[in-house]
Amino acid sequence: QVQLVESGGGLVQPGGSLRLSCAASGGVFSGYIMGWYRQAPGKQRELVAEITSRGITKYADSVKGRFTISRDNAKNTVYLQMNSLKLDDTAVYYCHVGGIDEWGEGTLVTVSS
């Protein structure tokens with residue numbers, strides 16, 4: 001059974017940084033696109049960033065230059081380094097594995113002064 005466990009969320013001030021991690025288990029994920037989505041209150045879930053098995057990345061325009069996605073295939077883990085956080089980055093962040101369409105339960109990121 002596939003399981004995705006996110007960690008690293010929390011409360012941070014504007015301009016601060018957080019690093020999210022998503023550990024996958026129950027399969028081999030190195031061949032899949034892995035990504036991070038987020039859903040803010042009252043808004044639809046949106047793609048934040050994704051990374052292919054070969055390390056090709058894609059970012060939402062709103063996070064380009066501030067967020068960095070990476071992965072460690074040996075550990076079945078994907079990361080999201082978030083810098084220069086803004087109030088609008090407040091959301092629940094979800095890990096996703098493409099192809100098999102598996103989702104984590106989410107981790108809350110709150111940016112507030």
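By convention here, the first residue in the shown sequence is residue 1.
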Please tell me if the side chains of Val109 and Leu18 come closer than 4.5 Å, counting only heavy atoms from C-beta onward. yes
Partners meeting side chain to side chain contact (heavy atoms under 4.5 Å, CB included) with Ser17 (sequence neighbours left out): Gln81, Asn83
Starting at CG of Asp89, measure out to OG1 of Thr110 and round the result to the nearest 0.5 Å. 11.0 Å
Under 3.5 Å donor-acceptor, Gln3 side chain and Ala24 backbone: no
How far does CG of Asp72 sit from OG of Ser30, to the nearest 0.5 angstrom? 11.0 Å
State whether the side chain of Thr90 and the backbone N or O of Asp88 hold a donor-acceptor pair below 3.5 Å, judged by distance alone. no
Which is it for Arg45 and Tyr37 under the side chain to side chain donor-acceptor pair (under 3.5 Å) test, yes or no, and what are the steps along the way? CA-CA 7 Å; Arg45 192 173 296 188; Tyr37 287 71; over 6 Å; no
May I ask you to test the Ser7-Arg19 pair for a side-chain heavy-atom distance under 4.5 Å? no
Test your reading of the model: is there a side-chain donor-acceptor pair from Tyr59 to the backbone of Ile69, 3.5 Å cut-off? yes
May I ask you to decide if Gly9's main-chain N or O and Thr107's side chain share a donor-acceptor pair within less than 3.5 Å? yes
Among the clusters formed by ILVMFWY side chains lying less than 4.5 Å apart, do Val2 and Val97 turn up in the same one? yes
Measure across Gly98 and Tyr32 and return the closest heavy-atom pair with its distance rounded to 0.1 Å. O-CD2, 3.1 Å
Say you draw a straight line from CD of Gln1 to OG of Ser25; how long is it, rounded to the nearest 0.5 Å? 8.5 Å
Side-chain heavy atoms of Leu80 within contact of Phe67, under 4.5 Å: yes
Is it the case that atom CD in Gln39 sees more than 12 heavy atoms from other parts of the structure closer than 6.0 Å? yes
Leu87 side, atom CG; Ser113 side, atom OG - distance, nearest 0.5 Å: 6.5 Å
What verdict does the side chain to side chain contact (heavy atoms under 4.5 Å, CB included) test give for Tyr94 and Leu4, after you've listed the backbone C-alpha separation in whole Å, the side-chain angles of each residue and the deciding distance to 0.1 Å? CA-CA 9 Å; Tyr94 297 91; Leu4 304 177; over 6 Å; no
Audit row: Met82, Leu20, side chain to side chain contact (heavy atoms under 4.5 Å, CB included) steps and yes/no: CA-CA 8 Å; Met82 304 186 296; Leu20 305 184; 3.8 Å; yes
At their closest point, which heavy atom of Val48 faces which heavy atom of Val63, and how far apart are they? O-CG2, 3.6 Å
Between Cys22 and Thr77, is there a side-chain heavy-atom distance shorter than 4.5 Å? no
Walk me through it: do Leu108 and Tyr93 pass the test side chain to side chain contact (heavy atoms under 4.5 Å, CB included)? CA-CA 6 Å; Leu108 178 62; Tyr93 285 71; over 6 Å; no
Run the side chain to side chain contact (heavy atoms under 4.5 Å, CB included) test against Asp101 and tell me which residues pass, sequence neighbours left out. His96, Trp103
Salt bridge (charged side-chain N to carboxylate O under 4.0 Å, His left out) involving Lys64 - partner list, sequence neighbours excluded: Asp61
Just verifying a value: how many Å separate Cys95 SG and Met34 CE, rounded to the nearest 0.5 Å? 4.5 Å
Provide the closest heavy-atom pair for Ser70 versus Val78 in the form atom of the first, atom of the second, distance. O-CG2, 3.2 Å
Begin from the C-alpha positions of Glu50 and Trp36 and carry the test side chain to side chain contact (heavy atoms under 4.5 Å, CB included) through to its verdict. CA-CA 6 Å; Glu50 62 183 15; Trp36 289 94; over 6 Å; no
Looking only at atom types and distance, does a side-chain atom of Arg66 sit under 3.5 Å from a main-chain N or O of Ser84, one as donor and one as acceptor? yes
Hydrophobic cluster identity match, Val92 and Leu11, side-chain contacts under 4.5 Å: no
What's the separation between atom CD1 in Ile51 and atom CD1 in Ile56, rounded to the nearest 0.5 Å? 9.5 Å
